[in-house]
Amino acid sequence: MVKPDLRVKLGPLELKNPVLTASGTFGYGLEFRPYLDLNRLGGVVVKGLSPRPRAGHPPERIVETPAGMLNAIGLQNVGVDAFLSEKLPALRAYDTAVIANVFGETLAQYVEVCAKLDGAPGLAAVELNVSCPNTEAGGMEFGNDPRALARVTRACREATALPLIVKLSPNAPDICEAARAAADSGADALSLVNTFVGMAVDVERRRPVLSRGTGGLSGPAIRPLAVWLTWRVHRAVPLPLIGMGGIMGARDALEFILAGATAIQVGTANFVKPDAAVRVLQDLEAYLVRHGIASVRELVGALEWPDEAAP
Amino acid sequence: MVKPDLRVKLGPLELKNPVLTASGTFGYGLEFRPYLDLNRLGGVVVKGLSPRPRAGHPPERIVETPAGMLNAIGLQNVGVDAFLSEKLPALRAYDTAVIANVFGETLAQYVEVCAKLDGAPGLAAVELNVSCPNTEAGGMEFGNDPRALARVTRACREATALPLIVKLSPNAPDICEAARAAADSGADALSLVNTFVGMAVDVERRRPVLSRGTGGLSGPAIRPLAVWLTWRVHRAVPLPLIGMGGIMGARDALEFILAGATAIQVGTANFVKPDAAVRVLQDLEAYLVRHGIASVRELVGALEWPDEAAP
Amino acid sequence: MPYDLEAPVTRNTDLGHGNFLIEFEAPEIVGCMKPAQFFMIGVPGSKLLLRRPFSVCGLPGTFDDGRPGSAQVLYKVVGEGTALLASLRAGARLEVLGPLGRGFEAPEPGRRALFLAGGIGVAPFPAFAAALRREGREVGLLYGARTAGDLPLLEWFERVCAPVEVATEDGSRGRRGLVTALLEELLRKEDPSAFHVYACGPQPMLKAVAQWARRHDVRCDLSLEARMACGFGVCLGCVVPTRGSGPEGDVGFERVCVEGPVMRAERLAW
Amino acid sequence: MPYDLEAPVTRNTDLGHGNFLIEFEAPEIVGCMKPAQFFMIGVPGSKLLLRRPFSVCGLPGTFDDGRPGSAQVLYKVVGEGTALLASLRAGARLEVLGPLGRGFEAPEPGRRALFLAGGIGVAPFPAFAAALRREGREVGLLYGARTAGDLPLLEWFERVCAPVEVATEDGSRGRRGLVTALLEELLRKEDPSAFHVYACGPQPMLKAVAQWARRHDVRCDLSLEARMACGFGVCLGCVVPTRGSGPEGDVGFERVCVEGPVMRAERLAW
Ligand SMILES: Cc1cc2nc3c(=O)[nH]c(=O)nc-3n(C[C@H](O)[C@H](O)[C@H](O)COP(=O)(O)OP(=O)(O)OC[C@H]3O[C@@H](n4cnc5c(N)ncnc54)[C@H](O)[C@@H]3O)c2cc1C
Ligand SMILES: Cc1cc2nc3c(=O)[nH]c(=O)nc-3n(C[C@H](O)[C@H](O)[C@H](O)COP(=O)(O)OP(=O)(O)OC[C@H]3O[C@@H](n4cnc5c(N)ncnc54)[C@H](O)[C@@H]3O)c2cc1C
Ligand SMILES: Cc1cc2nc3c(=O)[nH]c(=O)nc-3n(C[C@H](O)[C@H](O)[C@H](O)COP(=O)(O)O)c2cc1C
Ligand SMILES: Cc1cc2nc3c(=O)[nH]c(=O)nc-3n(C[C@H](O)[C@H](O)[C@H](O)COP(=O)(O)O)c2cc1C
Ligand code: FES
Ligand code: FES
């Protein structure tokens, strides 16, 4: 059989294959050069960028939980300027879509980062991390308030001509409402999900393990929840989706694709197996060959909903 | 050291120890006689009861996921009358609090079951499962709509003099709002959490594994989420709480107790290790002895919130 | 009465083509177990949350080289749990709950036992065949599979049972075709009411056998499979639709782990 | 350059009191590994999602009975991951990523190496001791623990290093008290600037040593521990506060897995 066609389109963003790496789990990409060929990847989403460098939270920042982990890194990052001058030049040498993940504590900070990224050569898209407390609105996360989410999306839309991806939080009261707010405000695509808020307790010391008390849950534990949210958003909103949450192998990636994701991101798996993303890609291709499927696009949302099922 | 005091009080409901078994994971209790001494348990919550017997959903009803499982049993049960005539007489012979889990598709059904249970000798309390679609309100789950939740709680409160526990759904847009609605409407205690909605896809057959499409996620995977929700509700509402979600051992039970649960329920663990609940109890007692803690009640909500933590 | 034990593996033999025969020591369980009852088996520390159901294949007296107090389980690697089992060596420990479920009943006096096995569905038959032969009963086996490699323990059955007839879908051994064709053929030559049919295998095969048995009014028991969480009746996850078990005496659901795994063919509402 | 390999366990020796020495074959990694660098080790199919970090304890040439192309790791059972390791036999397979992190640098010419170990914190020292001794350098060890059983490999060090002094909190071996007392005592007798101190052990011990080294202006390197998810710099989970690394040159956070595990004591902002 001829090689299956892996190309996918997320609105204006064209990818040579649907396998990306998730923000915060792949550093600035370059750290993975010993483990895999970056040229193989559909894209790389770098660690979240803020206007200025950030130190992040004190330890403990991470803890393992059953089939998952909690993290409260506190968005430590080099800042957008250092990213542009020190990281991007090396990264754009690879044949992969470089996507900048952006966050802010105010609308102005989001806009500032987007504007700086706007003209950057070798940048393929911007992904907005809206799971960040809005300090001007009492600390409620942007992503949990559809109006704030719409405002930040619209402002970033105006600040950059790059394809705009909005990354949804699973902690929003209604993720479909959030999806619609982003869709109506100029997003080209949606990615989902970010981490779920959780807590682990050190029962010997009788305090939370993490210094921040809570952290974001990622890894295989959340996959059934994330697949379900992907399918819900897929049926609610006409935008292309990027699915993630606990993808360890191609089988898991296919769950998201069948549930409506045009592309997927590999996150926590990168920590466990540094070449996880390339393995996902290889095995995805093998699946298409085995099933005689000419293009991965045929599978997007191709889940057959059982007759007996709930609507 | 003297034996630690394990007694706890959930409003009017007094238990000899805080270890209960969760509804739907312990049958009608009697099935566990080969595996453990029912007299050891603080209480047994039986499978959800409806006015009339229910056949439940067709297979597939369950599927394992990482550190968890999805179920869509469809509330198959013998009905409240058969429970009262066939199950309760044998069960009440044991020195353990028997708690009836109740659900309905209409408010009237909840009330009907509560009224039938009201005078039943040997019944210690009623637990309302409100994660059930309200057929009179377009199928939205009672637990996801604070007003419907308040109404059903108040109606059941009037229908029975038994201690009333309302079991919260983690799928509600705001679990604290649901908790307040139940508290304000006459609940004596709250239990949390019920299962999270999720989905698993059979990628070879390109359809959901479960006949219903979705199922409820339980097991260790959800523990960090459930512990966090317990702590949130504990700080929001003054009612006693019963915590659950992925408790496999005493360490896990202690996470919930420290986060504010006065008692806990062992669920999925009963499938994996039929004597799990008694092991939890034994090891909990050993922990108290090791730490020189006179009463388990000292630990309820005793989590030290770190200074650096988010509020 | 079931026991929940830690059982040491005494051997784990690769029979080729992904089929393995594992043996473990569990004297308490083995002492009260009947053919076609099953175990829930877990591997401590593994990433799988739930145990997996496996029929007892061999009990003391089934295989000549079986150890006292031990049982054998015949399994095929189809996923993570069975792959994990296949990786174990002697000395490893299993968590074993059993005996569970309702096993096979011996045929009425005068009837001959006829086993229908599809591939790994042969697993519950050795213990039953050995027990029946000890009582001097006649036992026949019709054994179907996709291909010759998928016929584990065939040589053992050829020593113990008669007749033993084989069908493979690719014709690589015995007749080309399905095991149900062997059944039709045999019972064209002989009087169906002289037999008690026991069938175990993939669901499509069992459905065909059940239909056939209903049509010809042959006494037929099926050993069923289902996804299981608990194995002892409390999760309600393992049900099959059966006639007369519903709330109003209509079609309802019964548990493979308690009302089965062996059920009379005519009860199934497939 | 790190490799991610499947490495067969060649032995796993119980040293008593929950301490084990495991050996595995990983020639590519071992060929370019330095003392105090570390591995991320996972057990395939286990229920743990993340690998666990372990220092290299022995490299070819460290232990007389070490196999070529193999490394030894000294570990203590403290939780699920280490308990799982302890259950493995020769022939089991590990997932091993390494070498990772910055290891020990040899002391400047003329300085003597002085190791400070707290319990299982002794793990990175054998490979370093052997390498320094091969170059004819002098190596001393001050070894503290709670009790006599918590002093794994003490006999080995007594053959290779001098002086070797021991302190236990319960006095069951050597001096009663903390290892830092041994340090103060030794350096009261000798000129601190003749030493390069290397310390590894529980955080309170390292903090005390770091303070002491700052006070006496002794060159001191610490081998740190932290919870790790990745081990190669991308999760930012393993940080410690260090001076001068913050966004404005203030206190910031550095990664134990990349900027460490060996860090100069004065850099830590504890
Ligand atoms: C009463 C009973 C007795 C059984 N006896 C045997 C036996 O003696 N030997 C043997 O090899 N197998 C037997 N099985 C089937 C066996 O339980 C499954 O093959 C096993 O659970 C698969 O586990 P896994 O982790 O390897 O696969 P999974 O990763 O769980 O699943 C792999 C594939 O198997 C299917 N599957 C999963 N669980 C079951 C199940 N319980 N029944 C049918 N299909 C399933 C899945 O749909 C999937 O296609 C029995 C099942 C039951 C219910
Ligand atoms: C660079 C480095 C090198 C190390 N070298 C060795 C070594 O050579 N030998 C050895 O025995 N141990 C070493 N450790 C510590 C070892 O990684 C932990 O003991 C191990 O991860 C515990 O895993 P577990 O699953 O058994 O315990 P868990 O169940 O994960 O935790 C058990 C206990 O250990 C604590 N803990 C968990 N992870 C760590 C960690 N990374 N550091 C410190 N405490 C932790 C927890 O707070 C808990 O109290 C090293 C750690 C690092 C970072
Ligand atoms: C340690 C860590 C750091 C993360 N940092 C970011 C981040 O900076 N920006 C962001 O949008 N998401 C971040 N995420 C979320 C992931 O990109 C991803 O949405 C989530 O982990 C779910 O996918 P997974 O289960 O495959 O890891 C982070 C996740 C982890 C585990
Ligand atoms: C198979 C199954 C059936 C359940 N049935 C019920 C039920 O009838 N009523 C109810 O309130 N909760 C039911 N639950 C939810 C459990 O009581 C419990 O809230 C949930 O499983 C979380 O706890 P766990 O992770 O310890 O299992 C069921 C759970 C499972 C796994
Ligand atoms: S497997 Fe749980 S009821 Fe049958
Ligand atoms: S362990 Fe991931 S950055 Fe150090």
Item checked: N/O donor-acceptor pair under 3.5 Å between Ser211(B) side chain and Pro58(B) backbone -> yes

Heavy-atom distance under 4.5 Å to chain B: side chain of [X], backbone, both or neither?
X	result
Leu70(A)	side chain
Tyr287(A)	side chain
Ala172(A)	neither
Leu217(A)	side chain
Ile257(A)	neither
Ala302(A)	backbone
Leu254(A)	both

Check: Are side-chain heavy atoms of Ile264(B) and Val280(B) found at a separation under 4.5 Å?
Finding: yes

Note to self: Ignoring hydrogens and geometry beyond distance, is a side-chain donor-acceptor pair present between Asn77(A) and Ser50(A) at under 3.5 Å?
What the structure shows: yes

Next item on the list: Return the option, out of Leu210(B), Val197(B), Thr65(B), Val227(B), with the maximum number of heavy-atom pairs under 4.5 Å with chain A.
Entry: Val197(B)

Margin query: Using a 4.5 angstrom heavy-atom cutoff, name the option from Arg205(B), Arg251(B), Arg223(B), Glu204(B) with the most pairs to chain A.
Written below: Glu204(B)

Checklist line | For chain B, the option from Ala221(A), Gly198(A), Pro224(A), Pro173(A) that forms the most heavy-atom pairs under 4.5 Å | finding: Pro224(A)

